[in-house]
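All values reported here derive from a predicted model rather than from experimental measurement. In listed order, ligands and their atoms are each counted from 1.
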Amino acid sequence: MTDGARFATAPGDAPREAATHCPYCALQCGMTLRVENGRTTVTARQFPTNRGGLCQKGWTAADLLDHPERLTTPLVRDRPGGELRPASWDEALNRIVSGVRAVQTGHGRDAVAVFGGGGLTNEKAYALGKFARVALRTRHIDYNGRFCMSSAAAAGMRAFGVDRGLPFPLADLGRADTLLLVGANPAETMPPLMRWVTEQRQRGGKLIVVDPRVTATARQADLHLQPLPGTDLAVASALLHIAVTEGWVDRAYVDARTTGFEAVRRSVAGWWPARAEALSGVPVADLEATARALGTAGRAIILTARGAEQHAKGVDTVSGFVNLALALGLPGRPGSGYGCLTGQGNGQGGREHGQKADQLPGYRRIDDPAARAHVARVWGVPAEDLPGPGVPAYRLLDSLGTDEGPKALLVFGSNPVVSAPRATRIEGRLRDLDLLVVVDFLLSETAALADVVLPTAQWAEEDGTMTNLEGRVLRRRALREPPAGVRTDLAILADLTHRLAAQGRAPSYRLMHRKGPLLTPEDRGGAADGADPRAVFEELRRASAGGTADYAGVTWARIDESDGVFWPCPDTDGPDTPRLFADRFPTPDGRARFHAVEHRPAAEEVCAAYPLHFTTGRVLAQYQSGTQTRRVPALRRAAPEAFVELHPDLADRLGVSDGEPVRVVSRRGEMVAPARLSPAIRPDTVFAPFHWGGAARANSVTNDAVDPVSGMPEFKICAVRVERVGES
Ligand SMILES: Nc1nc2c(c(=O)[nH]1)N[C@H]1C(S)=C(S)[C@@H](COP(=O)(O)OP(=O)(O)OC[C@H]3O[C@@H](n4cnc5c(=O)[nH]c(N)nc54)[C@H](O)[C@@H]3O)O[C@H]1N2
Ligand SMILES: Nc1nc2c(c(=O)[nH]1)N[C@H]1C(S)=C(S)[C@@H](COP(=O)(O)OP(=O)(O)OC[C@H]3O[C@@H](n4cnc5c(=O)[nH]c(N)nc54)[C@H](O)[C@@H]3O)O[C@H]1N2
Ligand code: SF4
Ligand SMILES: [Mo]
C-alpha cells in the first residue's frame, strides 16, 4: 500500500466527505467518499439507480487513488525504441506542441487526431471536441464509444429522432410485466440494476434473456433463449412475425404514432419461427412464448446491450427490436418501451457533446450549417473555420501512420491496444505514428507505447458532470486535490491550447478560451478559464442550447437540489424530461419511423479451418481494458486472469481439460489462456473476456469488420479454432 498521506489529508486533519458517484459504469451508483487520516473510503449511498447497492468495483474504487503505480510526473521517450523517462511539464508539453506543429506543417491540419473516451466527464468531452476543432483545427476526432454505443445510437436516431439510451427512468423496469434483455448481462455488468429486475419479478413480471451463455442474468430468467451469436436479428424478425400473425400489433398506435410499418410487415412475412430456429437454434416454442409474453403484456420493456449491438449488423439488429417495440405500441407508454443499456460512466453524455467524428455539442451534426453557425458563435470563431466530419474510430485507428492517415494522435481516456478489434494491427499503427500522446493516471498498454505520457487527475480529485444511462445529468464531486505534479485533463487541454496559440504561425492555432486568465504552468488545474469545469459547463449549456441534447436549463445547483436532471432541459425554470415520447417523437412529423431490415450472416462464417464461433464480453470484477481494475488487489483476486470458456463436450472432442492453457486462433491472430469448462455455453461457441492484454488479449482474435452505418466493430462474433498449447 502507498503512503496515502502523500496525496490525501494528513493524519489529524478533519475528515471530509463528498456525495459522488462511482467512476466506472453508466449506472453511476451513488457513493459517499470519505477521507480521514490519509485514507479514502467508499460507502454506498441511496440513489435512484443503485438504491444503496454497489458492486465490487464500486466498493474498491478508491484503491487506485493512492496506488503505487499512479503516474505523478510526465514521461517522454527520446527516440523510437528508447525508454520512457520522467520529464517536467514544460518539456513534455513543448514536445507535444513541436510534434504537432511539425506534423501539421508537413502534412496539413488533419495529420493530427484526437481519441477520447466515454469515461470522460461532460466538461472534458466537450472541451476535447472543441480542442480538436478550434485549437488543432483537425477533423479527426472520435472516441471509444464507437466500440460501445454507436449501433444503438444510430438505430435510436433513425427510429425516434433522438438517442437517449433509456428514454425512461430505471424505476420503470420494476413496473414492466415483461422484460426482454437481449445480449445484456447486467447481473455482472451492472449488478445493482438487478434490484429493479428483482422488484419486477416479485411483482409477478416475466424476465426473458437472450444470450448464447447461461449467464448470471440468464439464471434469474423465467425463459432463456440461447441463440447462436449473430442471429438476434432473425430472432427479432420471427418475434414480430408471430406478433403480426397472432394479432398482437397495436394498430391504433401504429396508425397514429408511426410511419413505415407496411414495409416492415412485409419484410417479416417470410420469417417463420422455424426459419429463425434453423439459424439461431432457439426453439419455435420459445420464440412463441417470448412473443406472447411481450404481445399480451400490459407493460413490456425490450432492452438491448452489447451482445446484440457489437456486430457488423448491429444497427439493423437494434432496428429489428425497435420495430418489434413499435409494433406492440410500447415506446412512450409508462412502464413500457425500448431502451439500450449504455455502458461507460459517461457513455451517454460522452456521445452528445462533440467527441464523435460527425458531431457538435448538443448532439448536433457537424455537417448541418445551422448547427455550425450556432456552435461557432458560442466558440467565437467563423463557422467556415470549423472542420468537417472525420471518420469513425476503427477507420481512424486503422489509418494511423499510413500515407493517408494522421501522423500524430492524442489519447484521453481509452486503451485501444487492449480494447480495439484486431488489436495487433492497431498496435502496429500506433507504433508507426510520429507522435503518440497518452493522458492517463496509470501506464496503460497504450500509454506504454507513447512518446509522451501526461499524468492526470482521478475522479475523486475534480468536479464535473456525468450523464448516466437514463439521460440523468449528475454531479461528480471532488473530495481531494490531485497528487502534487498531476494536472486535470481540462488543465492540460487549456495549457496545450495556450502553447499552440503562442506559436502564432501557420497553421494558425487559436485560443479556445479567450476571456479570463490563461492557465500558467504553475496553476495546477485550479480556477483558470478552460481549466475550471464549472466555467466549461456554463459554456456547454450555451453550446447545447436548442440541440437534441439540450442542457441549457441544467445547472450544477439544480443537480445539487435533486437526484440529477434529465435532458432535454431547455429552461432553468422549466421541467426536465425523465420520460420521452409521451405525445410525440422528436422527428420532423412527430412520428417514430419503422425501418425494414433483413438478417444477414456474420462478417466471417465458420469453415473447416476455423470451425467455432468466438464471442467476447465481461466479467464482474474487471472493467474494460483492465488498466484500472487489474491493479485493484481485491478485484485481481476475484478475477486474476483471462480464460476461454468452452462446453465440456467441445473440450472432450478437443482433448482439453479444465484449467489447461488453450490457444484460440482466428485469421487475424491468437490468444492463449486457461480453458474454463462450462455447460453454460453452447458447444459450438467459445467465449473470452477482453479485459487483459499481452498473450491473453481477446482482441488479437476479434474481427475488425464494422457496421456500415455506425462503424461498430464485430466484437461479438468471428470464426476460430481452439488448440491445446503445444499443438499447432
Ligand atoms: N464488470 C463490468 N461491468 C461493466 C463493464 C466492464 O468492463 N466490466 N463495462 C461497461 C461497459 S462500457 C459496457 S458497454 C457494458 C456492457 O454490458 P453488457 O452488454 O451486459 O456486457 P457484455 O459482457 O459485453 O455482453 C453481454 C452478453 O452478450 C452475450 N453475447 C455475446 N454474443 C452475443 C450475441 O450474438 N447475441 C446475444 N444476444 N448475446 C450475445 C455475452 O455472452 C454476454 O453475456 O458493461 C458496463 N459494465
Ligand atoms: N473484444 C471486445 N472488445 C471490446 C469490447 C467487447 O465487448 N469485446 N467492448 C468495447 C467497449 S463497449 C468499450 S466501452 C471499450 C472500452 O475500452 P477502453 O476504451 O480501452 O476503455 P477503458 O479500459 O475504460 O480505458 C480507459 C483508459 O483511460 C483511463 N482513464 C479513466 N478515466 C480517465 C479520465 O478521466 N481521463 C483520462 N485522461 N484517462 C482516464 C483509464 O486508466 C484507462 O487506461 O472496449 C471495447 N472493446
Ligand atoms: S454497477 Fe457500475 S456504477 Fe455501480 S458500483 Fe458497479 S461499476 Fe460502479
Ligand atoms: Mo462500453
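- In this structure, the protein non-hydrogen atom closest to atom 31 (C) of ligand 1 is Thr615 OG1, 3.1 Å.
- Look at Gln458 and you'll find every heavy atom at least 4.0 Å from all atoms of ligand 2.
- For atom 1 (S) of ligand 3, the nearest non-hydrogen atom from the set Pro23, Gly58, Pro192 belongs to Pro192.
- Under a 4.0 Å heavy-atom criterion, Thr217 is not in contact with ligand 1.
- Every atom of ligand 2 is numbered from 1 in the order shown, and the set under 4.0 Å from a heavy atom of Gln310 is 5 (C), 6 (C), 7 (O), 9 (N), 10 (C), 11 (C), 12 (S).
- For the residue pair Arg476 and Thr121, no side-chain donor N or O sits within less than 3.5 Å of a side-chain acceptor on the partner.
- Between the CD atom in Glu69 and the CZ atom in Arg630 there is a gap of 10.0 Å [rounded to 0.5 Å].
- Taking every non-hydrogen atom of Val619 and a distance limit under 4.0 Å, the qualifying atoms of ligand 1 come out as 1 (N), 2 (C), 8 (N).
- For Ala305, no nitrogen or oxygen atom sits less than 3.5 Å from a nitrogen or oxygen atom of ligand 1, counting backbone and side chain alike.
- Remark: distances from the non-hydrogen atoms of Lys124 to ligand 2 include one below 4.0 Å.
- Using a 4.0 Å cut-off to heavy atoms of Gln344, the atoms of ligand 1 that qualify are 12 (S).
- For ligand 1, none of its N or O atoms has an N or O atom of Cys148 under 3.5 Å away.
- Phe715 does not carry Arg306 over the face of its six-membered ring by the limits of under 6.0 Å from the centre and within 45° of the normal.
- The protein heavy atom nearest to atom 5 (S) of ligand 3 is Cys55 N, 3.4 Å.
- Considering backbone and side-chain atoms together, Thr616 places no N or O closer than 3.5 Å to any N or O of ligand 1.
- Relative orientation of the Phe115 and Phe147 rings is tilted, given thresholds of 30° and 60° on the angle between their planes.
- For His311 (side chain) and Gly307 (main-chain N/O), a donor-acceptor pair under 3.5 Å exists by modelled atom type.
- The parts of Pro229 lying near ligand 1 are both backbone and side chain, judged by heavy-atom distances below 4.0 Å.
- Taking the ring axis of Trp196 as reference, the NZ or CZ atom of Arg51 stays within 45° of it and closer than 6.0 Å to the ring centre.
- In this structure, the protein non-hydrogen atom closest to atom 28 (O) of ligand 1 is Gly307 CA, 3.3 Å.
- At least one side-chain heavy atom of Thr685 sits less than 4.5 Å from a side-chain heavy atom of Pro229.
- Judged by distance alone, the side chains of Gln624 and Arg618 do bring a donor and an acceptor atom under 3.5 Å apart.
- For atom 26 (C) of ligand 2, the nearest non-hydrogen atom from the set Gly145, Ala393, Gly413 comes from Gly413.
- By heavy-atom distance, the residue among Gln624, Arg306, Arg618 lying nearest atom 9 (N) of ligand 2 is Arg618.
- In terms of protein heavy atoms, atom 18 (P) of ligand 2 is closest to Ser419 OG, 3.3 Å.
- Taking every heavy atom of Lys57 and a limit of under 4.0 angstrom, the matching atoms of ligand 3 come to 7 (S).
- Between Arg70 and Leu64, every side-chain heavy-atom pair lies at or beyond the 4.5 Å cut-off.
- Remark: the Asn699 side chain and the Thr702 side chain contain an N/O donor-acceptor pair separated by less than 3.5 Å.
- At least one side-chain heavy atom of Asp211 sits less than 4.5 Å from a side-chain heavy atom of His224.
- Less than 4.0 angstrom separates some heavy atom of Tyr24 from each of these atoms of ligand 3: 7 (S).
- At the shortest separation from atom 36 (N) of ligand 2 among protein heavy atoms lies Asp489 OD2, 2.8 Å.
- Look at Cys25 and atom 4 (Fe) of ligand 3: no N/O/S atom of the residue is under 2.8 Å from the metal.
- At a 4.0 Å heavy-atom cut-off, ligand 1 touches Glu188 through the backbone alone.
- By the 4.5 Å heavy-atom criterion applied to side chains, Leu173 and Leu303 are counted as neighbours.
- Considering backbone and side-chain N/O atoms, Tyr623 never comes within less than 3.5 Å of an N/O atom of ligand 2.
- Considering backbone and side-chain N/O atoms, Ala308 never comes within less than 3.5 Å of an N/O atom of ligand 1.
- For the residue pair Asn415 / Glu445, a side-chain donor-acceptor distance below 3.5 Å is found, with atom types taken as modelled.
- Here the heavy atom of the protein found nearest to atom 32 (N) of ligand 2 is Phe441 CE2, 3.5 Å.
- Protein heavy atom at the shortest distance from atom 29 (C) of ligand 1 is Asp211 OD2, 3.2 Å.
- Heavy atoms from both the backbone and the side chain of Asn185 come within less than 4.0 Å of ligand 1.
- Side chain to side chain, Gln348 and Arg351 meet the donor-acceptor criterion of an N or O pair below 3.5 Å.
- At least one N/O-N/O distance between Lys716 and ligand 2 falls below 3.5 Å.
- A donor and an acceptor atom, one from each side chain of Thr304 and Tyr338, are located under 3.5 Å apart.
- With atom 45 (O) of ligand 2 as the reference point, the heavy atom nearest to it among Phe715, Phe690, Phe147, Phe115 is part of Phe690.
- Salt-bridge check for Arg668 with Glu604: passed, with a basic side-chain N closer than 4.0 Å to an acidic carboxylate O.
- Note on ligand 2: Val439 sits in its first shell, one or more heavy atoms being nearer than 4.0 Å.
- Under a 4.0 angstrom heavy-atom cut-off, Thr215 registers as being in contact with ligand 1.
- At the shortest separation from atom 8 (Fe) of ligand 3 among protein heavy atoms lies Cys22 SG, 2.3 Å.
- Ranking the protein heavy atoms by distance from atom 1 (N) of ligand 2 puts Asn699 OD1, 2.8 Å first.
- Residue contacts with ligand 1 for His311 involve side-chain atoms from C-beta outward but no N, CA, C or O (heavy atoms, distance under 4.0 Å).
- In terms of N/O distances under 3.5 Å, ligand 1 is not approached by Met190.
- The closest non-hydrogen atom to atom 13 (C) of ligand 1, taken over Pro227, Gly343, Ala184, Ala187, comes from Gly343.
- For ligand 1, one of its N or O atoms has an N or O atom of Thr189 under 3.5 Å away.
- Contact annotation: Lys57 has at least one heavy atom less than 4.0 Å from an atom of ligand 1.
- How far CG of Asn122 is from OG1 of Thr465: 3.5 Å, rounded to the nearest 0.5 Å.
- A side-chain donor from one of Gln344 and Asn144 sits under 3.5 Å from a side-chain acceptor of the other.
- Atoms of ligand 2 found under 4.0 Å from any heavy atom of Ser625 (numbered from 1 in listed order, with element): 20 (O), 22 (P), 23 (O), 25 (O).
- Proximity of Ile717 to ligand 1, defined as any heavy-atom pair under 4.0 Å, is not found for any part of the residue.
- Residue, atom and distance of the protein heavy atom nearest to atom 4 (Fe) of ligand 3 are Cys29 SG, 2.3 Å.
- Looking at Val701 and Phe614, their side chains come closer than 4.5 Å, going by heavy atoms from C-beta outward.
- Geometrically, Arg697 does not engage Trp692 in a cation-pi contact defined by less than 6.0 Å to the ring centre and at most 45° from the axis.
- The side-chain heavy atoms of His21 and Phe47, taken from C-beta on, include a pair separated by under 4.5 Å.
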